[in-house]
Amino acid sequence: LLSQASNSMAEKLEEYHNSKLSELLMEKKRIDTLINNMQDPVIGLDENNIVLFANNVALHITGLEREQIVGKAVQDVAIHNDLVRLLVKDLILPISERQERKAAPIKIYAGSKESYFDKETMKISIVPTGERETRDIGHVILLRNITLFKELDTAKTNFIATVSHELKTPIAAIKLSIQLLTNQSAGTLNDEQLQLLESIEEDSNRLLKITGELLNMTQVETGNIQLNIKKNKPEEIVRYATDAVGALAEKKRIGLYTDIEAALPEVNADADKTA
């Protein structure tokens with residue numbers, strides 16, 4: 001043990017001896033410049049949760065000056081700053097209370113603009129010179145700006161909702177025309193023409209179902225979905241689902257078969273959305 005300790009001390013002394021203060025300062029400046037030029041907010045903490053650095057973007061979104069956060073215990077800063085408290089909440093909690101699941105994007109209002117960020121907390125570990133055991137020396141909190149992706153996703157959802165809503169009007173007009181033709185108010189139709197109208201009506205009903213499903217999807221994504229819960233027979237829900245894809249399956253020569261037990265109890269559900 002004494003020999004091992006002596007070797008460790010000798011290696012450290014050699015490392016310190018080969019280091020020059022000017023080189024260390026230059027490396028520190030290089031790292032500081034690199035961190036400050038990053039477009040994403042970055043905050044570094046040591047093993048005691050003392051803030052080692054916060055780049056310019058991090059200072060901007062937190063509304064803090066460098067001297068208000070760097071060198072301070074992060075829990076003390078968190079007392080007076082809601083955003084910092086949100087970012088380090090998991091770090092200052094006991095390990096047993098920390099949440100491992102992926103958190104939802106963080107919404108931050110800074111610079112007269114609403115922005116969204118994904119947070120990633122990375123543990124920093126090293127093996128000290130002359131030692132074998134890994135030692136935790138702190139954490140780095142990185143926020144990735146996903147505002148553009150969030151805006152594109154919202155635009156896509158709004159586009160689908162608008163198109164789906166607009167499609168319902170011409171499809172309804174087609175259904176009305178089919179009804180008028182089927183009633184033969186515009187003239188007598190032969191059997192072949194009536195069969196064609198029946199096929200067109202089935203296709204228009206299918207289009208209405210598809211547009212309805214698209215609208216339901218946009219409601220799910222925006223969190224505004226409205227459910228119509230009532231008693232339903234499970235076999236009817238299954239039949240609705242298989243009918244919706246029956247024509248496509250038949251076109252691809254795929255057989256659809258259902259095996260449903262008799263006398264199943266009714267279930268509380270929104271039949272359309274469940275199907």
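Nothing here was measured: the structure is a model prediction, and the numbers come from that model.
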Which atom pair, heavy atoms only, marks the closest approach of Thr274 to Ala269? OG1-CB, 3.8 Å
Could you please spell out the steps behind the side-chain contact (heavy atoms from CB on, under 4.5 Å) verdict for Ser125 and Ile137? CA-CA 6 Å; Ser125 303; Ile137 61 169; over 6 Å; no
Arg135 atom CZ, neighbour heavy-atom count above 12 within 6.0 Å: no
As a test of understanding, state which of Val140, Val57, Leu34 forms a side-chain contact (heavy atoms from CB on, under 4.5 Å) with Val42. Val140
Does Leu86 share a hydrophobic cluster with Ile141, counting links as ILVMFWY side-chain heavy atoms below 4.5 Å and allowing steps through other members? yes
Where the side chain of Ser199 meets the backbone of Gln195, is there a donor-acceptor pair that is under 3.5 Å apart? no
I'd like to know if Leu142 and Tyr116 are part of one continuous hydrophobic network [Ile/Leu/Val/Met/Phe/Trp/Tyr, side-chain heavy atoms within less than 4.5 Å]. no
Taking all non-hydrogen atoms of both residues, which atom of Leu143 and which atom of Phe117 are closest, and how far apart? CB-CD2, 3.8 Å
Side chains of Ile146 and Pro105 in contact at under 4.5 Å (non-hydrogen atoms): yes
Tell me the closest heavy-atom pair linking Val70 and Leu52, and the distance in Å. CG1-O, 3.6 Å
Common cluster, Leu264/Tyr240, ILVMFWY with side-chain heavy-atom separation under 4.5 Å: no
If you count every heavy atom of other residues, nucleotides or ligands that lies below 6.0 Å from Asp191 atom CG, does the total exceed 12? no
Looking at Ala54, is its backbone amide N or carbonyl O close enough to the side chain of Arg66 to form a donor-acceptor pair, meaning the two atoms are under 3.5 Å apart? yes
Check: Thr147 main-chain N/O paired with Asn145 side-chain donor or acceptor under 3.5 Å: yes
What are the two closest non-hydrogen atoms of Ala78 and Val88, and how far apart are they? CB-CG2, 4.2 Å
More than 12 heavy atoms of other residues, nucleotides or ligands under 6.0 Å from NZ of Lys175: yes or no? yes
From CD (Glu201) to CG (Leu194), nearest 0.5 Å: 11.5 Å
Check whether any side-chain N or O of Thr211 sits under 3.5 Å from a backbone N or O of Leu167 as a donor-acceptor pair, and report yes or no. no
So which atom in Gln68 and which in Glu65 form the shortest heavy-atom distance, rounded to 0.1 Å? OE1-N, 2.7 Å
Enter the distance from Asp243:CG to Glu202:CD here, rounded to the nearest 0.5 Å. 10.0 Å
Is the shortest side-chain heavy-atom distance between Ile50 and Lys72 below 4.5 Å? no
As an exercise, state the distance from NZ of Lys107 to CD of Glu114, rounded to the nearest 0.5 Å. 4.5 Å
Please answer: with hydrophobic residues joined when any side-chain heavy atoms are less than 4.5 Å apart, are Phe53 and Met38 in the same cluster? yes
Rounded to the nearest 0.5 Å, what separation is found between the CG atom of Leu83 and the CD1 atom of Ile106? 7.0 Å
Could you go through the side-chain contact (heavy atoms from CB on, under 4.5 Å) check for Leu87 and Lys119 one step at a time? CA-CA 8 Å; Leu87 295 180; Lys119 186 188 82 168; 3.9 Å; yes
Hey, is the main chain of Ile35 close enough, under 3.5 Å, to the side chain of Asn37 for a donor-acceptor pair? no
So, do Val267 and Lys231 sit near enough that their side-chain heavy atoms are less than 4.5 Å apart? no
Residues Asn190, Gln193; criterion side-chain contact (heavy atoms from CB on, under 4.5 Å); working and verdict: CA-CA 5 Å; Asn190 58 37; Gln193 290 170 329; 3.1 Å; yes
Nearest 0.5 Å please: distance from the CD1 atom of Ile171 over to the NZ atom of Lys209. 13.0 Å
Please say yes or no: joined through hydrophobic side-chain contacts below 4.5 Å, possibly via intermediate residues, are Leu207 and Leu196 part of one cluster? no
Within a radius of less than 6.0 Å around CD of Glu198, do more than 12 heavy atoms belonging to other residues, nucleotides or ligands occur? no
Do Asn55 side-chain atoms and Asn36 backbone N/O form a donor-acceptor pair below 3.5 Å? no
Can you confirm whether more than 12 heavy atoms, excluding those of Glu67, are under 6.0 Å from its CD atom? yes
Over 12 non-hydrogen atoms of neighbours within 6.0 angstrom of CD in Glu266: yes
Compare all side-chain heavy atoms of Lys156 with those of Thr154 and state whether any distance is below 4.5 angstrom. no
Of the non-hydrogen atoms in Leu45 and Leu91, which two are nearest, and what is the gap between them? CD1-CD1, 3.5 Å
Residue pair His139, Met122: steps toward the side-chain contact (heavy atoms from CB on, under 4.5 Å) verdict: CA-CA 6 Å; His139 292 84; Met122 295 169 284; over 6 Å; no
Is the shortest side-chain N to carboxylate O distance from Asp153 to Lys150 below 4.0 Å? no
Evaluate the side chain to side chain donor-acceptor pair (under 3.5 Å) criterion for residues Asn81 and Thr62: first the C-alpha distance (whole Å), next the side-chain angles of each, then the deciding distance (0.1 Å), finally the verdict. CA-CA 7 Å; Asn81 191 286; Thr62 56; 5.1 Å; no
Measuring from atom CG of Leu197 to atom CG of Leu181, what distance do you get when rounded to the nearest 0.5 angstrom? 5.5 Å
Just so I know, are the side chains of Arg30 and Thr33 near enough to count as touching, which here means a heavy-atom distance under 4.5 Å? no
